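What follows is a set of notes on a single structure, which appears directly below.
Bear in mind that the values here come from a model prediction, so they are computed numbers and not experimental data.
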Amino acid sequence: MNERFFELPEEKQERILQAGFRVFSRSSYHQAPMNEVAAEAGISKSLLFHYFRNKREFYLYLWEICGRRTISQMEASDCYRQADLFESMRLGMKVKMAITRENPDMALFTLRAFYETDPDIRQDIQESCQSLFSWKAMHMLMNLNPGQFRDGIDIRHMYRDMYLASEGYLWEAMMRNDVDFDLMEQDFEEMIGFWKSIYLRKEKK
């Protein structure tokens with residue numbers, strides 16, 4: 001990556017990034033044309049390749065930016081400091097829905113990249129996902145009381161199952177023509193209620 005990209009005014013950097021989110025959110029990695037990204041950004045294709053050596057480098061940088069921005073907002077919401085795992089999940093989903101409202105192209109790009117199968121980038125994305133998941137799990141699970149859960153439950157695997165289910169739900173919701181955020185929030189509350197019913201230790205009467 002050419003360091004001159006960071007010498008650009010922030011507004012121009014952001015215009016290029018948003019153009020990338022928009023184009024790659026509409027198509028697979030292989031099908032998304034870089035000339036369309038350049039046109040959306042209002043620059044020439046040659047200048048785009050001056051800042052980023054190739055499509056792969058640009059795509060992975062977009063993915064890195066998504067991770068940074070999402071984690072920054074997650075930390076600001078205090079979702080990683082909760083003693084209640086389900087409250088952490090609820091706050092995390094609220095952050096993701098807020099991001100989707102504010103920047104739907106970036107949100108959809110993130111989900112599309114998560115499920116991307118192109119061999120040119122899949123391994124990098126999956127390794128990054130695993131690293132991010134491990135970081136989130138470490139911060140989210142460190143404050144929990146294991147005694148609140150049923151005997152024999154692997155808490156890390158439980159969290160992973162809930163995390164993947166949440167991502168899958170977001171993908172399905174974003175594929176609809178008209179995203180209903182109120183319905184998404186209601187559905188997620190129901191998901192949390194279901195998780196509580198199967199994972200929490202039953203109180204003795």
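Heavy atoms from other residues, nucleotides or ligands lying under 6.0 Å from CD of Gln123 number 12 at most. By the 6.0 Å contact criterion, NE2 on His50 is enclosed, its count of non-hydrogen atoms from other residues, nucleotides or ligands being greater than 12. By the neighbour-count criterion of 12 heavy atoms within 6.0 Å, atom CD of Glu10 is sparsely surrounded, having that number or fewer from other residues, nucleotides or ligands.
When all heavy atoms of Cys79 and Gly92 are compared, the closest pair comes out as CB-N, 4.0 Å. Among all heavy-atom pairs drawn from Ser25 and Leu108, the shortest one is O-CD2, 3.5 Å. Across all their heavy atoms, Leu8 and Lys12 have their closest contact at CD2-CD, 4.1 Å. Heavy-atom minimum distance, Ala137 versus Arg156: CB-NH1, 3.6 Å. For Leu144 against Ala83, the heavy-atom pair with the smallest separation is CD2-O, 3.1 Å. Here the closest heavy-atom approach between residue Gln130 and residue Arg160 is recorded as OE1-NH1, 3.7 Å.
Side chains of Met184 and Leu170 form a contact here, defined as non-hydrogen atoms less than 4.5 Å apart. Residues Gln148 and Tyr199 form no side-chain contact, since every pair of their non-hydrogen atoms from C-beta on lies 4.5 Å or further apart. Considering only heavy atoms from C-beta on, Met89 stays 4.5 Å or farther from Met191 through its side chain. Two residues are said to be in side-chain contact when any heavy atoms from C-beta on lie closer than 4.5 Å; Cys129 and Leu132 fail this criterion. Using a 4.5 Å heavy-atom cutoff, the side chains of Ile125 and Leu60 are in contact. The side-chain heavy atoms of Arg68 and Ser72, taken from C-beta on, include no pair separated by under 4.5 Å. When side chains are defined from C-beta on, Arg90 counts as touching Glu189, because their heavy atoms get closer than 4.5 Å. With a 4.5 Å cut-off on side-chain heavy atoms, Met34 and Phe52 do not count as touching.
Between the Ser77 side chain and the Val95 main chain, no donor and acceptor come within less than 3.5 Å of each other. Remark: the backbone N or O of Ser166 is not paired with any side-chain donor or acceptor of Lys96 at under 3.5 angstrom. The backbone N or O of Arg26 lies less than 3.5 Å from no partner atom in the side chain of Gln31, so there is not a single donor-acceptor pair. Listed for the Ser131 side chain is no donor-acceptor partner under 3.5 Å among the backbone atoms of Glu127. Between the side chain of Lys45 and the backbone N or O of Val37, no donor-acceptor pair lies under 3.5 Å. Side chain of Glu57 to main chain of Arg53: a donor-acceptor pair is present (N/O by atom type, distance under 3.5 Å, no hydrogens or angles). Formation of a donor-acceptor pair under 3.5 Å by the Ser128 side chain with backbone atoms of Asp124 is not found in this model.
The aromatic rings of Trp171 and Tyr115 sit tilted relative to each other, their planes meeting at an angle between 30° and 60°. Phe5 and Tyr61 have perpendicular rings, their planes meeting at more than 60° on a 0 to 90° scale where under 30° would count as parallel.
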**Request:** Would you sort out whether Lys94 and Glu87 count as a salt bridge (charged side-chain N to carboxylate O under 4.0 Å, His left out), showing the intermediate values?
**Result:** CA-CA 11 Å; Lys94 283 184 175 293; Glu87 182 60 20; over 6 Å; no
**Message:** Test side-chain contact (heavy atoms from CB on, under 4.5 Å) on Met158 and Leu85; report intermediate values, then the result.
**Reply:** CA-CA 10 Å; Met158 176 188 68; Leu85 175 60; 3.2 Å; yes
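Ion pairing between Asp151 and Arg201 holds under the 4.0 Å rule for side-chain N and carboxylate O. Glu116 has no carboxylate O lying under 4.0 Å from a charged side-chain N of Arg56, or vice versa, which leaves the two without a salt bridge. At a threshold of 4.0 Å, the pair Arg81-Glu75 does not count as salt-bridged, since none of the basic side-chain nitrogens sits closer than that to a carboxylate oxygen. Ion pairing of Arg15 with Glu40 is absent here, as no side-chain N (NZ or NE/NH1/NH2) approaches a carboxylate O to less than 4.0 Å.
Between Phe114 atom CZ and Cys66 atom SG the span is 13.5 Å, to the nearest 0.5 Å. With rounding to the nearest 0.5 Å, the separation of CG in Asn145 from CG in Asp84 is 10.5 Å. Interatomic distance, His157 NE2 to Asp161 CG, rounded to the nearest 0.5 Å: 8.5 Å. To the nearest 0.5 Å, the span separating CG on Leu48 from CG on Asn54 amounts to 10.5 Å. Annotation: the span from Met1 atom CE to Glu64 atom CD amounts to 8.0 Å, rounded to 0.5 Å.
Put simply, Met175 and Met97 are part of the same group of oily side chains (I, L, V, M, F, W, Y) that touch within less than 4.5 Å, one to the next. No path of Ile, Leu, Val, Met, Phe, Trp and Tyr side chains, each step under 4.5 Å between heavy atoms, connects Met138 with Leu91, placing them in separate hydrophobic clusters. Leu183 and Met93 are assigned to two separate hydrophobic clusters, defined by single-linkage of ILVMFWY side chains at heavy-atom distances under 4.5 Å. There is a path of hydrophobic side-chain contacts, each under 4.5 Å, that joins Ile99 to Leu17.
Phe181 carries Arg101 over the face of its six-membered ring, with the cationic atom under 6.0 Å from the centre and within 45° of the normal.
Pro33 pairs by the side-chain contact (heavy atoms from CB on, under 4.5 Å) definition with Val23, Asn35, Glu36, not counting sequence neighbours.
A centroid separation of 6.0 Å or more is found between the aromatic rings of Phe58 and Tyr51. Ring centroids of Tyr59 and Phe109 are separated by less than 6.0 Å, placing the two rings close together. Between Phe188 and Tyr169, the distance separating the two ring centers is not shorter than 6.0 angstrom. Checked against a 6.0 Å centroid threshold, the rings of Trp63 and Phe21 do not count as neighbours.
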